[in-house]
Amino acid sequence: MERPLLLTISHEARPYYCAHCLADSRKSAAGAHERGWTLRCEECGTQHYCSEACASYAAPRHAGVECAAMASAAKVAEDQDTTYKKTVY
């Protein structure tokens, strides 16, 4: 039986890595942006892409369940981060 491969970029690093080709915006000359890639999934906002081509290639795989799961995970991470900041500071 073949096992699925799961690749998830850490919450903090997501803006810097293309969700399709894993290009790092901090190291890329083409379209480089110190604050990360600006093209995102319009539904969940968690997936960043270096180009329209990568966004198009990733769309069928990302749409539906994955998109909803990523949005939910991002919300949980955001809530935990907010709770942590309120507790520590």
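The first residue of the sequence shown is numbered 1, and numbering continues consecutively from there. It should be emphasised that the depicted structure is a prediction, and the values quoted were computed from it without experimental measurement.
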Quick one: pull up [atom1] in [X] and [atom2] in [Y] and give me the separation to the nearest 0.5 Å.
{"X": "C50", "Y": "H20", "atom1": "SG", "atom2": "NE2", "answer": "8.5 Å"}
{"X": "E66", "Y": "T46", "atom1": "CD", "atom2": "OG1", "answer": "8.0 Å"}
{"X": "Y16", "Y": "K27", "atom1": "OH", "atom2": "NZ", "answer": "13.0 Å"}
{"X": "M70", "Y": "R14", "atom1": "CE", "atom2": "CZ", "answer": "3.5 Å"}

- With the 4.5 Å side-chain cut-off for hydrophobic clustering, are Y49 and Y57 part of the same group? no

I need the minimum non-hydrogen distance between [X] and [Y], along with the two atoms involved.
{"X": "C21", "Y": "C54", "answer": "SG-SG, 3.8 Å"}
{"X": "R61", "Y": "A19", "answer": "NH2-O, 3.7 Å"}
{"X": "D24", "Y": "Y17", "answer": "OD2-OH, 3.3 Å"}

- Query: So, the side chain of S72 versus the backbone of A68: is there a donor-acceptor pair under 3.5 Å, distance only?
  - Reply: no

- Query: Okay, side chain of W37, backbone of P15: is any donor-acceptor separation there less than 3.5 Å?
  - Reply: no

- Mind checking ring pair (Phe, Tyr, Trp, His ring centres under 6.0 Å) for H62 and listing every partner two or more places apart, or none if nothing turns up? none

